[in-house]
Amino acid sequence: MSIPGAVREALAQDRLIPYIGPGVLALDPACPIPVTPEALASRFAAKVAVPHKIRSNLTAAAQFIENFKHRKTVSTLMRDAFSVSVAPNALHDWLAASRPALLVHVWYDDVLRVALKAHGDDWGSVQAVSQAEHHGAWVHYFRHDGTRVGHASWATLIYEPLGALNPAGNFLVSDSDLVEVLTEIDIQTPIPQEVQALRQDRGFLFLGCRFTTQLERAFARQIMKRSRGPHWAVLPDTQTRNESRFLSEQSITPIIVDLAAFTHALSSAAPAPYARALVNGA
């Protein structure tokens, strides 16, 4: 396949923010960590008795465990699920080499962080934190080496609105975690100011994401809010009615192609920093 010229140009000029979902991990069919919310919920249910009707509902299963087994049990299960070492795939590597100003990573693994470590240290992350564990705080900032700091000051910022395994095991995963955020997200309170500033003159490129659930749509809608666009999403041709409606409402252009084929085409091109130099005549 060929990547649309407008997408290539926007990537080369750092006008697109990659929005990376769990489906990126599924590029490796043998990936040992969960690559869908349903798979993670099933892993919970294999370790802790969860009512049958919520065994495939991640946030409800996490809430049940939090209520009856303690929050620490949820955190332990999350660390167990994502602590297996996973090598970056071709898409992780391309994104890390391209070093855009902002990457949005909406899953709990640390594979993107591993990929970035191979490309210097002028990057850091801002992660959502649970009100259950850090009352009064929405996010924490971390340098590339895991040191917690008070603000972002790097060439590349990773925004992780659900938290992540590393460096501090911050996870938004239970119903109560997400209710706290969704109550405020419409007025943008939980979204860091740096993210709000960086998105203004950019669009989003959704990779490994689906929009089948209300939660997925709510986070995508609010994170891309007030961004200039245009926006694209790499998706299969089996979109649900809700997904199609969401794409239309948010003016997201679907790129109907397998993510592996898109990655192959992307990997055949120069990473964005090099491409930007060509655009600028360097």
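Excluded from the calculations below are hydrogen atoms, water molecules and symmetry mates; all remaining heavy atoms, backbone and side chain alike, are included. Note that the coordinates shown come from a computational prediction; the quantities given were computed from them, not determined experimentally.
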- What is the distance from atom OG of Ser83 to atom CG of Leu165, rounded to the nearest 0.5 Å? 6.5 Å

- Task: Taking ring-ring contact (aromatic ring centres under 6.0 Å, His included) as the test, write out the residues that go with Tyr159, two or more places apart.
- Result: none

- Query: From Asp109 CG over to Ser85 OG, what is the distance, rounded to the nearest 0.5 angstrom?
  - Reply: 11.5 Å

- Have Gln188 and Gln196 got a donor and an acceptor in their side chains that come within less than 3.5 Å? no

- Message: Please check: side-chain N/O of Asn57 versus main-chain N/O of Ala60, any donor-acceptor pairing under 3.5 Å?
- Response: yes

- Message: Is it the case that the side chain of Lys72 and the backbone of Glu66 share a donor-acceptor pair, with hydrogens and angles ignored and the cut-off at 3.5 Å?
- Response: no

- Can you label the angle between the Trp107 ring and the Phe82 ring as parallel, tilted or perpendicular, going by 30° and 60°? perpendicular

- Query: Within the distance-only criterion (no hydrogens, no angle test), does the side chain of Arg43 pair as donor or acceptor with the backbone N or O of Ala39 below 3.5 angstrom?
  - Reply: no

- Query: Could you walk me through whether Trp94 and Leu11 pass the side chain to side chain contact (heavy atoms under 4.5 Å, CB included) check?
  - Reply: CA-CA 11 Å; Trp94 194 94; Leu11 285 170; 4.2 Å; yes

- Item | Heavy-atom side-chain proximity of Leu266 to Ile3 below 4.5 angstrom | yes

- Measure across Ile223 and Phe204 and return the closest heavy-atom pair with its distance rounded to 0.1 Å. O-CZ, 3.6 Å

- Message: Check whether Ser227 reaches the backbone of Met224 with its side chain - one donor and one acceptor, N or O, closer than 3.5 Å.
- Response: yes

- If every non-hydrogen atom of Lys47 is compared with every non-hydrogen atom of Leu77, which pair is closest and at what distance? CB-CD2, 3.6 Å

- Message: Ignoring hydrogens, what is the shortest heavy-atom contact between Asp93 and His119? Give both atom names and the distance.
- Response: O-NE2, 4.1 Å

- Message: Around atom NZ of Lys69, are there more than 12 heavy atoms from other residues, nucleotides or ligands closer than 6.0 Å?
- Response: no

- Query: Arg217 and Asn242: side chain to side chain contact (heavy atoms under 4.5 Å, CB included), yes or no, with the steps?
  - Reply: CA-CA 9 Å; Arg217 295 190 294 273; Asn242 282 335; 3.5 Å; yes

- Query: Under the 3.5 angstrom rule, does the side chain of His231 hit a backbone N or O of Gly203 as a donor-acceptor pair?
  - Reply: no

- Message: I'd like to know if the side chain of Gln63 and the backbone of Asp175 have a donor-acceptor N/O pair within less than 3.5 Å.
- Response: yes

- Message: Has Gln127 got a side-chain atom pairing as donor or acceptor with Pro161's backbone, closer than 3.5 angstrom?
- Response: no

- Message: Would you say Ser75 and Glu133 are linked by a side-chain donor-acceptor pair, where the criterion is simply a distance under 3.5 Å?
- Response: yes

- Task: Give me the one residue out of Arg228, Arg15, Arg226 that meets salt bridge (charged side-chain N to carboxylate O under 4.0 Å, His left out) with Asp201.
- Result: Arg228

- Task: Could you tell me which non-hydrogen atom of Gly21 sits nearest to which non-hydrogen atom of Cys209, and how far apart they are?
- Result: N-SG, 3.5 Å

- Note on the structure: Note: Val111 and Pro88 closest approach over all heavy atoms is CG1-CA, 3.4 Å

- Message: Using side chain to side chain contact (heavy atoms under 4.5 Å, CB included), reason through Leu182 and Val179 one step at a time and then give a plain yes or no.
- Response: CA-CA 5 Å; Leu182 293 174; Val179 165; 5.9 Å; no

- Item | Minimum side-chain heavy-atom gap Leu116-Leu103 below 4.5 Å | yes

- Message: Could you check whether Glu243 and Thr212, counting side-chain N and O atoms only, form a donor-acceptor pair closer than 3.5 Å?
- Response: no

- Message: What's the separation between atom CD1 in Ile185 and atom CD in Gln222, rounded to the nearest 0.5 Å?
- Response: 5.5 Å

- Task: Give, for atom CG of Leu112 and atom OG of Ser125, the distance between the pair rounded to the nearest 0.5 Å.
- Result: 10.0 Å

- Task: Would you check if there is a donor-acceptor pair between the side chains of Ser42 and Arg55 at a distance under 3.5 Å?
- Result: no

- Can we call the ring centroids of Phe44 and Phe64 under 6.0 Å apart? no

- Cluster link Val114 to Leu95, ILVMFWY, side chain under 4.5 Å: no

- Pick from Val104, Leu102, Leu205, Leu207: which one makes a side chain to side chain contact (heavy atoms under 4.5 Å, CB included) with Tyr19? Val104

- Heavy-atom distance under 4.5 Å between the side chains of His144 and Trp154, does that happen here? no

- Message: Evaluate Val257 against Asp237 for side chain to side chain contact (heavy atoms under 4.5 Å, CB included), listing each step before the verdict.
- Response: CA-CA 8 Å; Val257 66; Asp237 60 2; over 6 Å; no

- Any idea how Phe246 and Phe211 line up, ring-wise: parallel (<30°), tilted (30 to 60°), or perpendicular (>60°)? tilted

- Query: Is any side-chain heavy atom of Ile65 less than 4.5 Å from a side-chain heavy atom of Arg71?
  - Reply: no

- Message: List the residues meeting ring-ring contact (aromatic ring centres under 6.0 Å, His included) with Phe219, not counting sequence neighbours, and say none if there are none.
- Response: none

- Query: Does a side-chain heavy-atom distance below 4.5 Å link Ile20 with Val106?
  - Reply: no

- Query: Backbone N or O of Val181 within a donor-acceptor pair of the Trp138 side chain at under 3.5 Å?
  - Reply: no

- Query: Using a distance-only test with no angle check, is there a side-chain donor-acceptor pair under 3.5 angstrom linking Glu160 and His105?
  - Reply: yes

- Message: Side chains of Val24 and Asn89, heavy atoms from C-beta outward: is any pair under 4.5 Å?
- Response: yes

- Query: Taking the side chain as C-beta and beyond, is there a heavy-atom pair between Pro230 and Ser251 under 4.5 Å?
  - Reply: no

- Message: Is it the case that atom CD in Glu184 sees more than 12 heavy atoms from other parts of the structure closer than 6.0 Å?
- Response: yes

- Item | Ile33 with Tyr108, same ILVMFWY side-chain cluster at under 4.5 Å | yes

- Given the rule that I, L, V, M, F, W and Y join up when any side-chain heavy atoms are under 4.5 Å apart, are Leu178 and Val139 in one cluster? yes

- Message: With clusters defined by side-chain heavy atoms of hydrophobic residues (ILVMFWY) lying less than 4.5 Å apart, directly or transitively, does Ile158 cluster with Val126?
- Response: no

- Message: With rounding to the nearest 0.5 angstrom, report the OG1 to CG distance, Thr253 to Leu235.
- Response: 11.0 Å

- Out of Asp122, Thr156, Asp14, which one pairs with Arg99 under the side-chain hydrogen bond (donor to acceptor under 3.5 Å, both in side chains) rule? Thr156

- Message: Checking the side chain of His134 only, and the main-chain atoms of Gln131 only, is there a donor and an acceptor separated by less than 3.5 Å?
- Response: no

- Connected via hydrophobic side-chain network under 4.5 Å: Leu259 and Trp232: yes

- Message: Rounded to the nearest 0.5 Å, what separates atom NE2 in His151 from atom OH in Tyr141?
- Response: 9.5 Å

- Query: Any ion pair linking Arg210 and Glu216 (charged N to carboxylate O, less than 4.0 Å)?
  - Reply: no

- Item | Closest non-hydrogen atom pair, Phe171 against Asp177 | O-OD2, 3.5 Å

- Query: Just wondering, do Asn170 and Phe142 contact through their side chains at under 4.5 Å, heavy atoms?
  - Reply: yes

- Query: Is there a donor-acceptor pair closer than 3.5 Å between any side-chain N or O of Ser248 and the backbone N or O of Ser244?
  - Reply: no

- With no hydrogens and no angle check, do the side chains of Thr147 and Asp145 hold a donor and an acceptor under 3.5 Å apart? yes

